[in-house]
Each structure stands twice: as structure tokens, then as C-alpha cells.
Amino acid sequence: MKLWGLLKSHLLGPYRQVLWFVIGLQAIQTFAALMLPSLNADLINNGVLTGDNAYIWRTGVVMLAFTVVQIVFAAGAVWFGARAAMGFGRDIRRDLFHQVTSYSSREVGQFGAPSLITRITNDVQQVQQLVVLATTMMIAAPLTMTIGIVMAVREDVGLSVVLVVAMPAAVAILGSLVYRMVPAFQVMQLRIDKVNSVLREQITGIRVVRAFVREPEESARFAGANTELTDTSLRAGRLMAAMFPTVTFIINASSIGVLWIGADRIGAGQMNIGSMVAYLSYLIQILMAVIMSTFLVSMVPRASVAGERIVEVLETESSVVPPAHPVTEVPERGTLEFRDVGFSYAGAAHPVLTNISFRTEAGSTTAIIGSTGAGKTTLTNLVSRLFDATEGTVLVDGVDVRELDPDLLWSSVGYVPQKPYLFSGTVATNLRFGRPDATDAELWEALEIAQAADFVRQMPKGLDSEIAQGGTSVSGGQRQRLSIARALVAKPEIYVFDDSFSALDLATDARLRQALEPHTREAAVLVVAQRVSTIVSADEILVLEDGEIVGRGTHDALVLTCPTYAEIVESQMGQGAAA
């Protein structure tokens, strides 16, 4: 039923006129094909057997005309049907892409990136293949069976015993094979997900695999997933492979039956040779229509499974819902405020953040420090609505982020994530990601501030140098500095640096922070850091522990009043620095 709903919403509506045109083409093609055996019977009985050459020529020309009509209209039906199917696949992929990109991190984690990729590619392809076959056969096969039976019975009623036996046998045998395919195809899609998941994980973590000499174990893990997929595919493949020999056997057995019974009837003078030849042609056409219908039905189980997975994504709404009436006029500029904010992941026993309250205004810097797992990254994710707070309110420019226009929110916040990511393209296209109209001079200014200008100048083409997907063609420190430059180019009102200086040495870190200060003087800055040296000059430092603020103030005040902060300072800078 989900597959039907998917086809109805994405195919029958947008392509209704094309489908009606395809139906008409297939109907004409079918009628032309079904007229040929009858004409052939007349030709044999009235022309060939009597030696009437004029009749042979006239009937031959008519048969040739019907053949041309059949070919032209069949080709047209396939052409337009295929275009409708390809458009359907394009629309589904587009809708899936927009749906997935609207997801918060929670929904992406729920499905998993490998499964989402499989659903957008492999699953859509399975449904698209069904649509191609359906638009090619959906009218021709039923019409051929229905009218073919009528035409065959009209030629000779006595031979109909063959049809009475052959058609139910074909439907029963092939139906049982299709019924057994359904669970195999269901398992197959899950196996494809698993192979994609293992492969993606191993490619992403190839350095860790090699560092710990885990190649044999990872190869065995992939081999296990691959073997499971292979076994399931073979099981489904054997069932599909059994269909064609079965159908061939039914056709051949039916043809023998027609020749056997027909020969006796011809010998008894109860039918003509031409009628038997026509009946045999109709029988083959009818059984071929059964084959086409069965082949189409055999595609339904896998497409149905794929359709359910596609609909599951389309029907899953993001937990970060765009506001019904977004606010586009803000009362403040360059302010960030948390009011009693709490956050819990779905199914978690304890909240990640509890009662977080602070305010950062334009021209000030708020820093956050704490141990691993304290909730620092989760806090920064709430600013850009990668998640929504489960308690309290996050305000940007004086407006709740859940009510603020998403485009306005994202243009106001320059976010540099903990794990910087660069897109395939050039240095320039990556820097212009948040502001496409930025000039080259502005790009170089941002690179100078981010301490990245020197290594970009040393690249073969400067700003036009190629960057590999994920930024793998540059080092971790270079990738981090390019990410910072990308945020600077956008010139947002609020900067959020989520441990964005961790890959830099102390000297580069110091130069970058010094260059950043005048550039971000009119913006609010939120910095998450592990190193005390990075945040020592912040206007306010928040110390997080187990998701709660346990210390608040300047560096000097926290060293004296917050034991957790003093411990961090002592561990990094020594007892003398703490004093």
C-alpha cells in the first residue's frame, strides 16, 4: 500500500497526461499485433493453399502495414513511458534529498548515513525499474491476454482446452515463485544497508585501521557482510532464474498440445491449417503476456520493500520544525542568550545539559571549557538549531531560534565545527560557501586572519587550487584554518568556534586569536576550547561539568573560586600558573 501511495503521489499526478498517451500507444500496438495471426490464417487458407498470388500480395501489404504500426507505436510507448519513469525517479530523489537535508542530527542518526544513501540511490532505482516495466507492459499484457483469448477461441473452440490448462498452470507456478521472492528481497535491502555501513566506516576510518593493524579483522568483517548479501541475492536470483525455464516449458508444452489436438482436428476436417497456425500464434502471444505480467509482478516485491523505505524517510518529519510564522525583524543585533536551557537525547537516561543560562553581546567573548563529555559541543549545536533545546530557550538577536526565520538565523551565525569539513571544489568555492558574492580581496583578508594565506599562496593555483572531498588533500591544521576563514568571509553577527583551534600549535593559535580580535570586535563570540591559553582573555568563561555550569567569571577569578577550573589550569600550565 505504501508503494501505491508513493506512485500515486509522485507519478499519477504529475505525469497523468503522459501515461494516458502511453496507454493509447500500447493499445494501438496491441491491436495491430493481434491482427497479424488472423491475417496470416486468411493468407494461408485463401492465398497460399489456392495459389492466388494477387490475394497473397494484398494480404501481405496489409500485414506489413500492421507490422509497421505495431513497431512505431511500441517504440513510442517505450520512449514516453521511459521518460515518465525517469522523471518519476528524478522527482523522488529530489524530494528525498530535500527531506534528508531538512533533518536535524537526531533524524540522521536515527536512520544512519549509509541507510539514507541506499534509500536515495538503490531503493529509488528499484521503484524506478518497476515504473519502467509498468509503463511498458501495463496495458499491452492485459489487452494481449484478454483479446488474444477471444481471438484464439474465435479461430477454434476445440483447441481452447489447451488454454484452460496452460494459463492457470502458468499463474499458479509463477505466482508461487513470486510469493517466495518477497522475504528474500526484504532481507536483501537490509544486507545492502549493512554492506554500505561497513564499507563507509572502513573507508572513513582507514587511518585508524592501519594504525592498529586491523586490516585482517576488518577484511573479515566486510567479507561477512558481503557473504550475507551474496547468499541472499543468490537465493532471490535462483527463484528469478527458475521463472524463465518454467515459462519456456509451459509454452513448449502448450504448443505441443495445440499441434497434437490440431492435427487430429485437421485430419477430421474440423478446422483449417491456417486456423491452427493462427491459434498457435495467439497461444504464444497469450503466454508471452503471462510472462510479461509475471515478470512485472516479480519486480513488485523488491520495489514494495524499497517503496516502504522511501516512504519512511518522506514521512519522518524533522524534530527541528521551521516556524509557521517566522520572525524576520529582530529587536537586537549580535546577541546570543541561553535561558535555563536543558537538552536530552532521545532515550537517554540523563540530560546532557541542565539549567544553562548566559548572555553574550556584540563585542564580547564568552568561552566554554570543561572535561570531555561535559556537553560543550551539544551546547554549540543548539545555537544553529542542529538540535532544539528540550527545555528553556535559546535566543539569537533577542528572538527564540525556534521562531526565527531559518535563513536569517543561519546567516547570523558563523559556525566552525569541531571536525572541520571542506567540500570538493577549490579553495575559493569553499571560502565562498556562506557568501557567494565575496571578492578575492575579502577571501585573502580572511585567509590572512586565519593564518592560512601562506600555505594557500604556495598551492599551485592559489585560490583556484583543488580541494578534495572532505578536505583530505590538506592537513588537519590547514583544514581547520580554512574552516575558520570560511566563517570569517560570511561576516556573521555571532561567531561560534567549537574547539576550532585544537589542531594549531601554540604560536599559530596565539597569532590567529590576536588577528581575530579586531575583526570580531562588533560581533558576539562563543568559543569552546580545551586549552586554557585559548580562552584566557575571554570576557566571561563558563566551566561545564556533567552538563551544568559549575563556574562563571574571568580567568583570574575562576582560578581562585572554581576548583574544577583551577584543576584544568594546573594540569595544563603547572602549579605556578594556577597561583
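Atoms considered below: every heavy atom in the structure, side chains included; atoms not considered: hydrogens, waters and symmetry mates. Just so it is clear, the structure is predicted and the values come from calculations on it, not from any experiment.
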Enquirer: Let me confirm one number: the CG-OG distance from Leu239 to Ser176, rounded to the nearest 0.5 Å.
Expert: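 Between Leu239 CG and Ser176 OG, I get 9.0 Å after rounding to 0.5 Å.
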Enquirer: Using a distance-only test with no angle check, is there a side-chain donor-acceptor pair under 3.5 angstrom linking Gln29 and Gln70?
Expert: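 Checked: Gln29/Gln70 side chains show no N/O donor-acceptor pair below 3.5 Å.
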Enquirer: Are there more than 12 heavy atoms of other residues, nucleotides or ligands under 6.0 Å from atom CZ of Phe423?
Expert: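 Enclosed.
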Enquirer: Under 4.5 Å between any side-chain heavy atoms of Phe343 and Asp388, yes or no?
Expert: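 The answer is no; the side chains never approach within 4.5 Å.
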Enquirer: Name all residues meeting the side chain to side chain donor-acceptor pair (under 3.5 Å) criterion together with Gln125; count only those two or more places apart in sequence or in a different chain, and write none if there are none.
Expert: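 Applying side chain to side chain donor-acceptor pair (under 3.5 Å) to Gln125 gives none.
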Enquirer: Once rounded to the nearest 0.5 Å, what's the spacing between atom CG of Leu283 and atom CG of Leu259?
Expert: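 It comes to 9.5 Å.
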Enquirer: Are there more than 12 heavy atoms of other residues, nucleotides or ligands under 6.0 Å from atom CZ of Arg435?
Expert: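 Check passes, neighbour count above 12.
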Enquirer: Would you please test Glu312 and Phe111 for side chain to side chain contact (heavy atoms under 4.5 Å, CB included) and show each step?
Expert: CA-CA 10 Å; Glu312 185 181 5; Phe111 286 105; 3.9 Å; yes
Enquirer: Indicate whether the side chain of Asn196 and that of Thr118 have a donor and an acceptor atom separated by less than 3.5 Å.
Expert: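 Judged by distance alone, the side chains do pair up.
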Enquirer: What's the spacing between Leu314 CG and Leu96 CG if we round to 0.5 Å?
Expert: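 The CG atom of Leu314 sits 4.5 Å away from the CG atom of Leu96.
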Enquirer: Just verifying a value: how many Å separate Tyr415 OH and Asn381 CG, rounded to the nearest 0.5 Å?
Expert: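 CG of Asn381 is found 4.5 Å from OH of Tyr415.
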Enquirer: Looking only at side chains, do Asp405 and Thr328 share a donor and an acceptor under 3.5 Å apart?
Expert: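 Note: Asp405 and Thr328 side chains miss the donor-acceptor criterion.
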Enquirer: Could you list the residues that satisfy side chain to side chain donor-acceptor pair (under 3.5 Å) with Tyr421, not counting sequence neighbours?
Expert: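 Expected list: none.
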Enquirer: Output the distance between atom CD1 (Ile251) and atom CG (Leu280), rounded to the nearest 0.5 Å.
Expert: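 Ile251 CD1 to Leu280 CG: 10.5 Å, rounded to 0.5 Å.
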